[in-house]
2 protein chains.
Amino acid sequence: MAATDKALAGLRQMIASGALGPGEKFPPEPELCDRLGVSRSSLREAARSLAALGVIESRHGSGTYVSALDPAEIISRFSLSVELIPLEGVLELLEVRRVLEAHATAAAAARQDVELEKTLADILDRLEATTDAGQIQALDAEFHNLICTAGGNPTVTALTGVIRGRGGHYRIFEPGADFDAIKQTSDRGHRAILAAIAGRDPAAAATAASAHIAQTELWLRALRPVPQI
Amino acid sequence: MAATDKALAGLRQMIASGALGPGEKFPPEPELCDRLGVSRSSLREAARSLAALGVIESRHGSGTYVSALDPAEIISRFSLSVELIPLEGVLELLEVRRVLEAHATAAAAARQDVELEKTLADILDRLEATTDAGQIQALDAEFHNLICTAGGNPTVTALTGVIRGRGGHYRIFEPGADFDAIKQTSDRGHRAILAAIAGRDPAAAATAASAHIAQTELWLRALRPVPQI
DNA sequence: CGCCCTAAGTCATCTGAGGACTTATCCTCG
DNA sequence: CGAGGATAAGTCCTCAGATGACTTAGGGCG
């Protein structure tokens with residue numbers, strides 16, 4: 001087997017076998033090199049691979065540690081790659097977001113959290129008052145993120161967050177011919193979601209969330225905007 | 001900025017800016033080192049990071065290339081990290097699978113594909129006839145994978161596949177006290193899914209798929225089996 | 001008792017060298 | 001003339017050694 005692959009397999013094995021649990025520290029690099037039978041270069045390249053995937057974490061001057069192995073954290077690592085996916089692929093991803101977020105929004109509606117509803121309403125007030133693309137994106141993210149969090153599954157929140165972040169690189173909300181129409185439709189969509197949550201109607205919440213995101217998909221398909229990263 | 005991070009940013013930028021598209025080749029390592037102002041070690045570590053995420057691909061003796069940047073391929077890279085997630089996290093992931101697979105199964109039911117239905121029935125015949133854990137796992141994967149593929153969104157297929165692969169490392173189907181009961185329940189669940197698809201009933205298909213995966217979640221919670229990787 | 005300083009431990013980076021694999025080219029042979 | 005293999009150039013892979021940078025713990029000083 002190639003040296004780097006051997007190192008990679010060895011490191012993974014140490015975690016998979018349970019020898020090292022979340023947060024625990026690996027032996028120093030020279031010792032790992034001896035144990036795995038590879039050079040430091042190869043070991044470090046293998047470690048970088050796992051670090052990129054969020055499995056381990058190297059701290060300069062301190063050591064190399066197993067990460068928390070939390071699904072949400074690991075999924076958030078995907079943003080590095082997801083942000084490079086071209087438009088065609090983003091549309092596939094948006095279907096995933098639509099389905100997951102509809103589910104999470106329904107779960108949020110099933111909760112009876114008055115505080116959440118007030119916070120969401122406040123966000124929408126500010127969102128409707130601004131036309132700044134950056135603020136729109138930030139407030140939109142905050143709105144959806146809060147709802148997903150209320151949905152109760154951090155993995156879903158992370159996954160939808162990564163996908164939303166990718167979509168955000170496309171300039172939908174730029175001053176242009178359709179800006180006002182798009183913004184108003186978006187604002188109405190958000191209000192519909194909030195109304196369903198406030199009405200404790202999970203089915204309506206799922207529908208509203210699904211429709212809202214489907215609308216985004218339509219805009220992306222129609223406008224095919226140029227990404228800015 | 002740290003050298004490796006600088007190299008990482010530089011490589012990503014070359015893709016994000018559109019200078020290099022899917023399948024295209026990077027300049028040789030020495031030239032990239034000059035251009036990015038880092039040593040070969042740092043450049044290679046950065047490249048390994050991106051390779052782990054499925055963004056680039058190094059071919060020994062040939063060169064380094066931008067990957068296809070296909071969402072399904074990128075997501076399949078996650079199996080390397082997902083397979084190390086402990087049971088607690090797997091349960092969160094299974095909820096994602098449940099929601100997505102219900103969606104895909106409904107979409108598959110909306111199609112009218114007699115050939116698919118015959119293939120699925122054949123798989124279930126073989127699945128019901130075996131008690132070998134490895135075969136059960138393989139046939140189960142084939143069954144669900146075919147349905148997800150018919151659902152039409154490769155990203156969903158890849159994502160559910162990664163999660164299913166993780167769950168498969170837990171020995172649910174091992175000879176034991178509950179083996180027969182579990183196997184029969186699982187077989188009935190598969191038949192219910194197939195019946196809904198054959199009946200072209202998307203709502204029933206979604207329900208059947210959801211119930212089937214929810215059952216798996218219950219078993220994992222109850223049995224808390226020991227993983228084998 | 002607290003603060004600073006020191007030293008040991010560890011990861012980060014650079015340099016230079018040789019090996020291994022792929023690919024294209026050219027030459028030989030049929 | 002075509003096909004096959006030998007050759008050479010291009011490229012990534014691995015190793016080794018040395019130095020720098022950062023973290024942490026412990027001791028000394030005020």
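Here the structure is a predicted model, which means the values were calculated and not measured. Sequence lines set the chain letters: A, B, ... in the order given, protein chains first and strands last, and positions in each chain run from 1.
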- Item | salt bridge (Lys or Arg N to Asp or Glu O under 4.0 Å) partners for B/Glu92, two or more places apart | none
- Query: Judged by atom type as modelled, is there a donor-acceptor pair below 3.5 Å linking the side chain of B/Thr130 to the main-chain atoms of B/Leu127?
  - Reply: no
- Partners of B/Phe26 by ring pair (Phe, Tyr, Trp, His ring centres under 6.0 Å), sequence neighbours excluded? none
- Flag the pair A/Lys118 and A/Asp122 as a salt bridge only when some basic side-chain nitrogen lies within less than 4.0 angstrom of an acidic carboxylate oxygen. no
- Task: Output all residues satisfying salt bridge (Lys or Arg N to Asp or Glu O under 4.0 Å) with B/Arg44, sequence neighbours left out; order by chain, then residue number.
- Result: A/Glu45, B/Glu29
- Message: Does either side chain, that of A/His103 or that of B/Glu95, offer a donor lying less than 3.5 Å from an acceptor on the other one?
- Response: yes
- Quick one: list whatever passes side-chain contact (heavy atoms from CB on, under 4.5 Å) with B/Pro27, sequence neighbours left out. B/Met14, B/Glu31, B/Leu32, B/Arg35
- Hey, can you pull the residues of residues 29-49 of chain A with a non-hydrogen atom under 4.0 angstrom from DNA chain C? A/Glu29, A/Arg40, A/Arg44, A/Arg48
- Message: Can you see whether B/Arg77 engages A/Ser81 through a side-chain donor-acceptor pair at a distance of less than 3.5 angstrom?
- Response: no
- Query: Using a heavy-atom distance cut-off of less than 4.0 Å, which residues of residues 55-68 of chain B contact DNA chain C?
  - Reply: B/His60, B/Gly61, B/Ser62
- Query: Separation of A/Lys25 atom NZ from D/dT23 atom P, in whole Å?
  - Reply: 13 Å
